[in-house]
Amino acid sequence: QVQLVESGGGLVQAGGSLRLSCAGSGRTFSRYAMGWFRQVPGKEREFVAVIDSGGAGTAYAGSVKGRFTVSRDNAKNTVYLQMSSLKPEDTAVYYCASGPYSSSSRSYDYWGQGTQVTVSS
């Protein structure tokens, strides 16, 4: 059974930083790309970032490029999302997902339960 568990969310002031982690199990972690998405109530899940299986290739949504960095440690079966210069509009539930290298949420097979990030102004 594949499990993805996010952690690291919380409340932070605008301009601050947070690092999210996503630990995977039940699947050969290093074979798959890992994506980060976010969602606010009443809106569709939004692409944030993706990293390829080896960690060399990354892509970001325009709204977070230059502020967020995705990385992974395949020895620890963990992917990270370092978020800096946070803005109130970054407030959302953040999800990690395992699957092909894609910015489309429909492409991913497995999802974590999500972690809340709240940025106060």
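Numbering starts at 1 and runs along the sequence shown. This is a predicted model, so every value here is computed, not measured.
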Might you work through the side-chain contact (heavy atoms from CB on, under 4.5 Å) test for Ser98 and Leu4, ending with a clear yes or no? CA-CA 8 Å; Ser98 174; Leu4 299 173; 4.0 Å; yes
Check your understanding: Checking side-chain contact (heavy atoms from CB on, under 4.5 Å) for the pair Leu18/Phe68: CA distance, chi angles, key distance, verdict?
Key -> CA-CA 10 Å; Leu18 279 176; Phe68 291 11; over 6 Å; no
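Of all the heavy atoms in Thr78 and Ser21, the pair that sits closest is CG2-CB, 4.3 Å.
In this structure the side chain of Ser84 reaches within 4.5 angstrom of the side chain of Ser17, judged on heavy atoms. Residues Gln13 and Leu86 form no side-chain contact, since every pair of their non-hydrogen atoms from C-beta on lies 4.5 Å or further apart. Between Thr69 and Tyr80 there is no side-chain heavy-atom pair separated by less than 4.5 Å. Residues Asp90 and Met83 are not in side-chain contact: their nearest non-hydrogen atoms beyond the backbone lie 4.5 Å or more apart.
Tested against Glu46, the residues Ser105, Ser63, Ser103 include a single side-chain contact (heavy atoms from CB on, under 4.5 Å) partner, Ser63.
Hydrophobic clustering, defined by side-chain heavy atoms of Ile, Leu, Val, Met, Phe, Trp and Tyr closer than 4.5 Å, groups Val93 together with Phe37, Phe47, Val50, Tyr95, Tyr101, Tyr108, Trp111.
Counting only distance, with no hydrogens or angles, the side chain of Arg72 and the backbone of Asp52 share a donor-acceptor pair below 3.5 Å.
Cluster annotation: Val117 is not connected to Val40 through the hydrophobic network of ILVMFWY side chains, with a link wherever side-chain heavy atoms come within less than 4.5 Å. If you chain together hydrophobic residues whose side chains sit under 4.5 Å apart, Tyr32 and Val79 never meet in one group.
We find the CD-CD distance between Glu6 and Gln113 to be 4.5 Å, quoted to the nearest 0.5 Å.
Annotation: disulfide bond (SG atoms under 2.5 Å apart) contacts involving residues 58-121, sequence neighbours excluded, comprise Cys22-Cys96.
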